[in-house]
Amino acid sequence: MTLAHVHPGPDTGLGPLESVTAVAALLVTVAYLSAAGRLRRRGDAWPRWRDVSCTAGGGGTAWAAVGVLPGGPFTGHMIQHLVVGMAAPLLLALARPLTLALRALAPGRARRFLPALAHSRTVGWFVFPPLAALLDVGGLWLLYRTELFAAMEHQPLLHGAVHAHLAAAGLLFAFAVCQLDPVCRRWSIAVRGATLLAAGAAHGLLAKTLYAHPPPGTGFTTADLRGGAQWMYYGGDVVEAALAVVLGVGWYTAGGRARVRRARRNRYPSRDNRTAGTTEWIGRPDRARTRS
């Protein structure tokens, strides 16, 4: 979520972390679009709005890494946080990259490895929504309410490690809450909704504390500090509201599918009997006698 304390410009240039982040985001986008195109060329359907979602997520990440951001250093940093750590992960989760990979890959070792990894116990724990929220929002509290934020300015390795953790935590939280791709366990709407509500409250509270008190060891101006805190507070609300919409749509869609399945079972009860392995077909006694 944090790429640089001073956004790049003519005098500062680009650091290696910013360049690597931008290139990686663009490569992921190109790989996604190539896989989606391969799927369509063989006649399979894949919604184009998912291509747009992935492109927006990847392009936004690249822009946040190398673009000139508005405001002072802290405001620009918070815009990076919102784009790379919240908005882009949501857009990537909506694109369903794991589902696309499972459908586009040819049979082989990689095609067998992905389902095994997605259904492993380790991944199951990491996509447990409360744990994902703790890694994401808890990492932000540790970053901004300790001297870690100030120490990163002079230690590039620490900067890169914290950036990698927070970016990965943002992705993990979005995937854990949305749960659009196939994973080993799908948590209920109640668990995911309660987690999102708690994480949003913690994120908003952190933004309020930053409005009044800067991260320890830093010397941002009052205007810059308050501008960044406002971006964090209101921008976070927008992304969290979007996550809530995704949850609501998923709940509504799942309920509709369940009603269709129930109606189908009531209309064709004999199919349930065949699935259960019985030899008696309800409503077709002549065929049942023949099969027996």
Exercise. How about Pro182 and Leu102: do any of their side-chain heavy atoms sit closer than 4.5 Å?
Worked result: yes
Seminar exercise, completed: Distance col, row Leu90:CG vs Phe175:CZ, nearest 0.5 angstrom, shows 10.0 Å
Problem set entry | 4.5 Å side-chain heavy-atom contact, Phe173 and Val137 | no
For this session: Check the hydrophobic clustering (I, L, V, M, F, W, Y; side-chain heavy atoms under 4.5 Å; chains of links allowed) and say if Leu92 and Leu166 are grouped together.
Result: no
For this session: Take atom CZ of Arg42 as the centre, draw a 6.0 Å sphere, and report whether it contains more than 12 heavy atoms from other residues, nucleotides or ligands.
Result: yes
Exercise. Under 3.5 Å, is there a donor-acceptor pair between the side chain of Arg96 and the main chain of Asp181?
Worked result: no
For this session: For residues Gly57 and Ala88, report the shortest heavy-atom separation together with the two atoms involved.
Result: O-CB, 3.6 Å
For this session: Measure across Ala133 and Ala199 and return the closest heavy-atom pair with its distance rounded to 0.1 Å.
Result: CB-CB, 4.2 Å
For this session: Output yes when Arg40 and Asp51 qualify as a salt bridge under the 4.0 Å nitrogen-oxygen rule, no when they do not.
Result: yes
Problem set entry | Heavy-atom side-chain contact between Phe74 and Thr218 under 4.5 Å | no
Exercise. Does a sphere of radius 6.0 Å around NE2 in His119 hold more than 12 heavy atoms from other residues, nucleotides or ligands, not counting ones at 6.0 Å or beyond?
Worked result: yes
Problem set entry | Check: His77 ring centre within less than 6.0 Å of Phe149 ring centre | yes
Seminar exercise, completed: Sequence neighbours excluded, the answer for side-chain hydrogen bond (donor to acceptor under 3.5 Å, both in side chains) partners of Trp187 is none
Exercise. Shared ILVMFWY cluster between Trp46 and Val28, side chains joined below 4.5 angstrom?
Worked result: no
Exercise. Taking all atoms of both residues into account, what is the closest heavy-atom pair of Ala244 and Leu196, and its distance?
Worked result: N-CD2, 3.6 Å
Exercise. Hey, is the main chain of Gly217 close enough, under 3.5 Å, to the side chain of Glu147 for a donor-acceptor pair?
Worked result: no
Exercise. For the residue pair Val84 and Ala64, what are the closest heavy atoms and their distance?
Worked result: CG2-CB, 3.7 Å
Exercise. Is the backbone of Thr55 close enough, under 3.5 Å, to the side chain of Thr29 for a donor and an acceptor to pair up by distance?
Worked result: no
For this session: With side-chain contact (heavy atoms from CB on, under 4.5 Å) as the test, would you mind laying out the steps for Leu26 and Thr61 before giving the verdict?
Result: CA-CA 9 Å; Leu26 294 178; Thr61 300; over 6 Å; no
Exercise. Side-chain contact, heavy-atom cut-off 4.5 Å: Met78 with Gln230?
Worked result: no
Exercise. Within the side chain of Thr253, is there an N or O that forms a donor-acceptor pair under 3.5 Å with the backbone of Gly250?
Worked result: no
For this session: Flag the pair Leu33 / Cys54 as yes when at least one side-chain heavy-atom distance between them is below 4.5 Å, and no otherwise.
Result: no
Exercise. From Leu206 CG over to Leu143 CG, what is the distance, rounded to the nearest 0.5 angstrom?
Worked result: 9.0 Å
Problem set entry | Pair His203 + His81: ring centers closer than 6.0 Å | yes
Exercise. Between His163 and Thr21, is any pair of side-chain heavy atoms under 4.5 Å apart?
Worked result: yes
For this session: Could you state whether Tyr233 and Trp231 fall into the same hydrophobic cluster, counting links through intermediate Ile, Leu, Val, Met, Phe, Trp or Tyr residues with side-chain heavy atoms under 4.5 angstrom apart?
Result: no
Problem set entry | Shared hydrophobic cluster, Val127 / Leu100 (ILVMFWY, side-chain heavy atoms < 4.5 Å) | no
Exercise. If you look at every heavy atom in Ala229 and Ala207, which pair is closest and at what distance?
Worked result: CB-O, 3.5 Å
Problem set entry | Main-chain N/O of Ala104 paired to Arg38 side chain as donor or acceptor, under 3.5 Å | yes
Exercise. Do Thr195 side-chain atoms and Val191 backbone N/O form a donor-acceptor pair below 3.5 Å?
Worked result: yes
Exercise. Do the non-hydrogen side-chain atoms of Glu153 and His159 ever get within less than 4.5 Å of each other?
Worked result: no
Problem set entry | Enclosure of Phe126 CZ (heavy-atom neighbours >12, cutoff 6.0 Å) | no
Exercise. Going from CG on Leu131 to CG on Leu135, what distance comes out if it is rounded to the nearest 0.5 angstrom?
Worked result: 4.5 Å
For this session: With rounding to the nearest 0.5 Å, note down the distance linking CG in Asp136 to CH2 in Trp141.
Result: 13.5 Å
For this session: Kindly determine whether Leu197 and Glu240 satisfy side-chain contact (heavy atoms from CB on, under 4.5 Å), including the steps that lead there.
Result: CA-CA 8 Å; Leu197 185 63; Glu240 288 151 9; over 6 Å; no
Exercise. Are Leu82 and Leu91 connected in a single hydrophobic cluster, I mean Ile/Leu/Val/Met/Phe/Trp/Tyr linked by side-chain heavy atoms less than 4.5 Å apart?
Worked result: no
Exercise. If you measure from CD1 on Ile189 to CD on Gln179, what distance do you get to the nearest 0.5 Å?
Worked result: 9.5 Å
Exercise. Is there side-chain contact between Pro47 and Val52, with heavy atoms separated by less than 4.5 Å?
Worked result: no
Seminar exercise, completed: For Arg50 and Ala95 the tightest heavy-atom approach is O-CB, 3.6 Å
For this session: Just do the side-chain contact (heavy atoms from CB on, under 4.5 Å) check on Leu247 and Leu243 with the steps written out, would you?
Result: CA-CA 6 Å; Leu247 282 179; Leu243 281 167; 5.9 Å; no
For this session: In sequence, state the C-alpha distance, the side-chain angles, and the governing distance for Val246 and Val177, and then conclude on side-chain contact (heavy atoms from CB on, under 4.5 Å).
Result: CA-CA 9 Å; Val246 173; Val177 170; over 6 Å; no
For this session: Could you grab the distance from atom CG of Leu180 to atom CG of Leu98, nearest 0.5 Å is fine?
Result: 11.0 Å
